Amino acid sequence: MKIDDAAARLEALGNRTRLEIYRALVRAGHKGMAVGRLQDKLKIPASTLSHHIKTLVSVGLVSQVRESTSLVCHANFEAMRGLVDFLAAECCADEVGCKTKQTAA
């Protein structure tokens, strides 16, 4: 993962509302959650929710699919794992004698 991509994703998740949205979608699993259900669950006005979802979509953390009359949001688990792996990729890299030393692939 490029550092600019990681920074953009972390910046998006640095907002409390977006983090709440993303966590709700992660909890929903692969089936995702309809925007209306997400709005009800988080008690967020529709325009605010739309704005925050747009930001999460733009950095690749969330995708949306039209299912009949509903717009369903899905957490991008691959992007999430990539971000976590990026953060842990060089754990202890500069520590002398570290037994759990990792370096980026």
Side-chain angles (χ1 to χ4, degrees):
M1 175 177 294
K2 295 178 183 166
I3 197 160
D4 289 340
D5 294 335
R9 289 175 178 166
L10 289 168
E11 181 179 4
L13 293 173
N15 175 279
R16 179 188 174 101
T17 302
R18 287 192 290 268
L19 185 57
E20 288 176 340
I21 293 166
Y22 193 69
R23 289 187 72 205
L25 293 174
V26 168
R27 289 179 58 92
H30 294 285
K31 67 180 179 175
M33 187 180 298
V35 171
R37 172 72 182 110
L38 196 53
Q39 182 183 3
D40 291 342
K41 181 178 179 67
L42 299 177
K43 310 280 188 262
I44 300 172
S47 60
T48 302
L49 180 61
S50 176
H51 165 76
H52 287 302
I53 290 173
K54 180 179 176 184
T55 300
L56 292 168
V57 168
S58 73
V59 297
L61 288 170
V62 170
S63 63
Q64 293 180 303
V65 176
R66 171 89 38 208
E67 293 181 8
S68 186
T69 59
S70 297
L71 187 57
V72 179
C73 296
H74 300 270
N76 181 338
F77 293 106
E78 185 177 323
M80 179 181 66
R81 284 186 204 99
L83 183 57
V84 171
D85 289 348
F86 173 82
L87 293 172
E90 296 189 15
C91 177
C92 303
D94 293 334
E95 184 179 340
V96 176
C98 179
K99 294 178 182 174
T100 62
K101 184 183 290 192
Q102 299 178 23
T103 56

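What you see is a predicted model, and the numbers here were worked out from it, not measured in a lab.
With a 4.5 Å cut-off on side-chain heavy atoms, Thr55 and Asn15 do not count as touching. Residues Leu25 and Cys73 meet the side-chain proximity criterion, which asks for heavy atoms closer than 4.5 Å.
No continuous path of ILVMFWY side-chain contacts below 4.5 Å connects Val84 to Phe86, so the two sit in separate hydrophobic clusters.
Just one of Val72, Leu56, Val57 meets the side-chain contact (heavy atoms from CB on, under 4.5 Å) condition when paired with Gln64; it is Val57.
Note: Met80 CE to Asp85 CG = 10.0 Å, rounded to the nearest 0.5 Å. To the nearest 0.5 angstrom, Phe77 atom CZ is 11.5 Å from Leu61 atom CG.
Evaluation of the salt bridge (charged side-chain N to carboxylate O under 4.0 Å, His left out) rule for Arg81 yields no partner, not counting sequence neighbours. Listed by chain and residue number, nothing satisfies the salt bridge (charged side-chain N to carboxylate O under 4.0 Å, His left out) test with Glu11 (two or more places apart in sequence, or in another chain).
Of all the heavy atoms in Val62 and Tyr22, the pair that sits closest is CG2-CD1, 3.9 Å. Nearest heavy-atom pair, Arg9 versus Leu83, reported as atom, atom and distance to 0.1 Å: CB-CD2, 4.0 Å.
Judged purely by atom type and a 3.5 angstrom limit, Arg18 has no side-chain atom pairing as donor or acceptor with the backbone of His52.
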Got a list of side-chain donor-acceptor pairs under 3.5 Å for residues 30-49, not counting sequence neighbours?
{"residue": "Gln39", "atom": "NE2", "partner": "Ile44", "partner atom": "O", "Å": "3.3"}
{"residue": "Lys43", "atom": "NZ", "partner": "Asp40", "partner atom": "O", "Å": "3.0"}

